[in-house]
Amino acid sequence: MHIVTAGLNHKTAPIEIREGLAISNGDLSHVLASLKQLSTVEETMLLSTCNRVELYGAAKDIDAAIHELRQFLIQRNPTIAPEQLTQHLYFLSDDDAVRHLFRVASSLDSMVMGEPQILGQFKDAMEAAVSHGCTGVVLNKVLKKAISVAKRVRTDTPIGEQAVSVSYAAVELAKKFFQNLADHSVMLVGAGEMGKLAGQHLVNHGVTRVMVTTRNYQRAIELAKQFKGIPIAIDTFKQEMLHADIVICSTGAPHPVITTHDMTDIIRARQNRPLCIIDIAVPRDVEDGVRDIDNVYLFNIDDLQQIVAVNMGERQKAAMTAEAIVQEEVVTMMGWMKTLETVPTIVALKKRAEGIRQREVDKVLSRLPGLSGAEREIVEGLASSIVNKLLHRPLVTLKEEAANANGTMYVDATRRLFSLDEDPTDDR
């Protein structure tokens, strides 16, 4: 049995192609039912996210399976010309397919390396495939191992610890100043997307008091509801900064909304209580001179991007360790896959031996009709013991050599030595 992969992702295909193949939740059951009808792919799973559409399968014939998966993807969206789609697709098999699968689950193949969402999406895809009867013993083993590898990467490396988005870097900065965010308040000045994301991250990390101000007060009310916060009129927000510990600015104003003069008065009224200001806006919302005021800590978009760049470097280092983990697990998994090749031979050998044993015992017992029940059991036990002892070493060797380069040679030799491909009636 072989593992195969077919699909496209953010590295190989533009968004319009990915959108054309994306599977909605409403279509998932229908698509999985269609996958079950494939003739050459015995087990399948579909993973569809905003950045990738991939099919994983277990099959006996790699070329036939890849051909069928290619046709399946082409037929998914007939508005995309086959030659146009094919140039964006990739096809992998055996250790390459397993390695790719492990890297996807571990977020090593994600647009933002180390992001945690992909593992949840991977688990959901597996559960859907299992519930629709698309998977079996082989693919289930590989998929569960992929989840295990992803968890090991998370545990054994710091790949997901550093902030690699501007909005999350803002949260990391805030945490450096205020260890327990639940005890501190946040003010969002403006309704910029990164500002809103930073606010949401802060709430997720324990902040319970959020103030929101924008030039449109109705918009401030709506945004405050999202954070269960308090709307602030734009003409009073500077006075309200007396009660904030973290201020995140993301307006679209063409000039600073907080001047050095403003902040001098504010920090004096705060009696020099520290204030962390994170200015994500472009153009900047806060005059640069504010950073020279004692007990005011100002960070702008460039500061955050420098943090992101440093953290991406740290993730790259962690990725080297993660890749080594993946490779180690790929070797282990491929070793297990190799052992599957011996199973039919082991089953056939045991069946052949059992047939010979039973026939020979029957012959002996037919010539000794006077044996008691206990004596007949002794004859049966003797024959079974001889067969088991004779087969023990060949079976152990087959299992031991299965994962090695010569594994196939041992399987072939065993089948020839014991005539496993011949009619068992010849043993009579």
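Look at Asp362 and Arg359 and you find no salt bridge, because none of the NZ, NE, NH1 or NH2 atoms lies under 4.0 Å from a carboxylate O. Ion pairing of Asp109 with Arg103 is present here, as a side-chain N (NZ or NE/NH1/NH2) and a carboxylate O approach within less than 4.0 Å. Under 4.0 Å is where a charged nitrogen must lie from a carboxylate oxygen, and between Glu329 and Arg99 no such pair does. Classification of Glu354 and Lys351 as a salt-bridged pair fails, no side-chain N sitting under 4.0 Å from a carboxylate O. Taking 4.0 Å as the cut-off between side-chain N and carboxylate O, Glu222 and Lys225 do not count as a salt-bridged pair.
No more than 12 heavy atoms of other residues, nucleotides or ligands lie within 6.0 Å of CZ in Arg215, so this atom counts as exposed by the packing criterion. Within a 6.0 Å sphere centred on OH of Tyr410, other residues, nucleotides and ligands contribute 12 heavy atoms or fewer. Within a 6.0 Å radius of CZ in Arg367, other residues, nucleotides and ligands contribute 12 heavy atoms or fewer.
Judged as a side chain to side chain contact (heavy atoms under 4.5 Å, CB included), and not counting sequence neighbours, the contacts of Pro116 are Arg154. Checked against ring-ring contact (aromatic ring centres under 6.0 Å, His included), His2 has no partners two or more places apart in sequence or in another chain. A search for ring-ring contact (aromatic ring centres under 6.0 Å, His included) contacts involving Phe178 returns His184, not counting sequence neighbours. Remark: Tyr297 pairs with Phe177 by the ring-ring contact (aromatic ring centres under 6.0 Å, His included) rule, at least two apart or across chains.
When only modelled atom types and interatomic distance are considered, Asp285 and Thr251 share a side-chain donor-acceptor pair under 3.5 Å. Of the N and O atoms on the side chains of Gln200 and Asn204, at least one donor lies less than 3.5 Å from an acceptor on the other residue. No side-chain N or O of Gln121 forms a donor-acceptor pair with one of Thr49 less than 3.5 Å apart.
Every pair passing ring-ring contact (aromatic ring centres under 6.0 Å, His included) that includes a residue from residues 186-205 is listed here, sequence neighbours excluded: Tyr168-His201, Tyr168-His205. Contacts classified as ring-ring contact (aromatic ring centres under 6.0 Å, His included) and involving residues 78-119 (residues at least two apart or in different chains) are given here: Tyr90-His100.
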